[in-house]
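The next block holds one structure in the form of structure tokens; read it before the comments.
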Amino acid sequence: MPNARASVPDFLYGTAWKEDRTAALTELAIRAGFRAIDTANQRRHYFEAGVGQGLAAAYRAGLFTRADLFLQTKFTYQAGQDHRLPYDPAATLSIQVAQSMASSLEHLGVDHVDSFVLHGPASRSHWTTDDFETWQAMIKERDAGRTRLLGVSNISLAQLQQMARAHAEPPAFVQNRCYAIRGWDRDVRAFCRERNIIYQGFSLLTANIEVLRHSTVAALAAQNNATPAQIIFAFARAVGMLPLTGTTNADHMKQDLESRFLELPPDAVNAIEKIAG
Ligand SMILES: NC(=O)c1ccc[n+]([C@@H]2O[C@H](COP(=O)([O-])OP(=O)(O)OC[C@H]3O[C@@H](n4cnc5c(N)ncnc54)[C@H](OP(=O)(O)O)[C@@H]3O)[C@@H](O)[C@H]2O)c1
């Protein structure tokens, strides 16, 4: 497996819930400096073809080449979709994976993506035979050169352990919602760290409103001439996460990217970890 960390930018721009603003916001994010885009072939929450339109506009403006970009998309089971499916629901899961990937490449106007993520296991409680078949099909896509790397999302520690027992091939990425009240997904992050899996954290702001308002974060923001949101992103990076933001605001895009240059000392990182458990 290629060294994932060597080729991944340090912030992911997320394109969920942007509907007819997807193309314009994707282009704006690239203009702001993002070079990594997260999407999914799940029309219910993402407009992947709109991401492709935004990329095309940015290419035309000469802002970058495909090689400068990190593109991540996802395979979503039918249970997570609405009626706008990117595959034949009567087909086997292996074929659905291949059809979803072919449709993603067409939406994005590329011959390969950089990361292909299983949006979530088929069951909340364990790694199922469906997940086994799907992961094997995703490996085939990778081996055929249609993605460089593979990932899983919305996954628990127990499922990661089952997955590790079932497959020789581990994911390069885990993408999870990161709640401070659950120790910022501490157990899953530890599992990832031990195996050199990159942990992508989403909902860092929206799942942790009370932390954003906490006096410790307010004091750190004041000391560093930063916003509370920037402190949370700097914290996420300090504990080894690759953060996502889906901001729709040009100033926030700039602030989120600037948080990369904010180094929090260990005592500040410990203090934030202690806020919520
Ligand atoms: N794998 C999955 O199942 C899954 C699920 C959910 C999300 N995701 C991915 O993660 C991405 C991010 O989603 P998210 O849940 O983290 O939420 P989000 O869509 O990034 O929302 C973040 C919220 O924080 C605000 N915000 C961002 N930067 C800010 C700043 N500097 N100062 C103040 N407010 C700021 C945004 O408001 P403004 O727009 O006004 O800035 C928005 O209300 C999604 O687009 C998607 O790609 C994946």
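All ligand and atom numbering here is 1-based and tracks the order in the structure. Both backbone and side-chain heavy atoms feed into the values below; hydrogens, waters and symmetry mates do not.
- At least one N or O atom of Asn154, backbone or side chain, sits closer than 3.5 Å to an N or O atom of ligand 1.
- Where the criterion is an N or O separation shorter than 3.5 Å, residue side chain and backbone included, Arg177 fails it with respect to ligand 1.
- A side-chain N or O of Ser7 and one of Arg148 form a donor-acceptor pair less than 3.5 Å apart.
- Between Phe75 and Phe116, the angle of the ring planes goes over 60°, which puts this pair in the perpendicular group of the 30/60° scheme.
- Distance from atom 44 (C) of ligand 1 to its nearest protein heavy atom, with residue and atom name: Ala16 CB, 3.7 Å.
- Atom 11 (C) of ligand 1 has as its closest protein heavy atom Gly14 CA, 3.8 Å.
- When Thr76, Asp256, Ile37 are checked for heavy-atom proximity to atom 28 (N) of ligand 1, Asp256 turns out nearest.
- Protein heavy atom at the shortest distance from atom 46 (C) of ligand 1 is Tyr46 OH, 3.3 Å.
- Side chains of Leu71 and Thr39 form no contact here, defined as non-hydrogen atoms less than 4.5 Å apart.
- Between the side chains of Asp38 and Gln175, a donor-acceptor pair is found at a separation under 3.5 Å.
- At least one cation-pi condition fails for Arg35 and Phe11: the charged atom is not both under 6.0 angstrom from the six-membered ring centre and inside a 45 degree cone around its axis.
- Where the criterion is an N or O separation shorter than 3.5 Å, residue side chain and backbone included, Ser203 meets it with respect to ligand 1.
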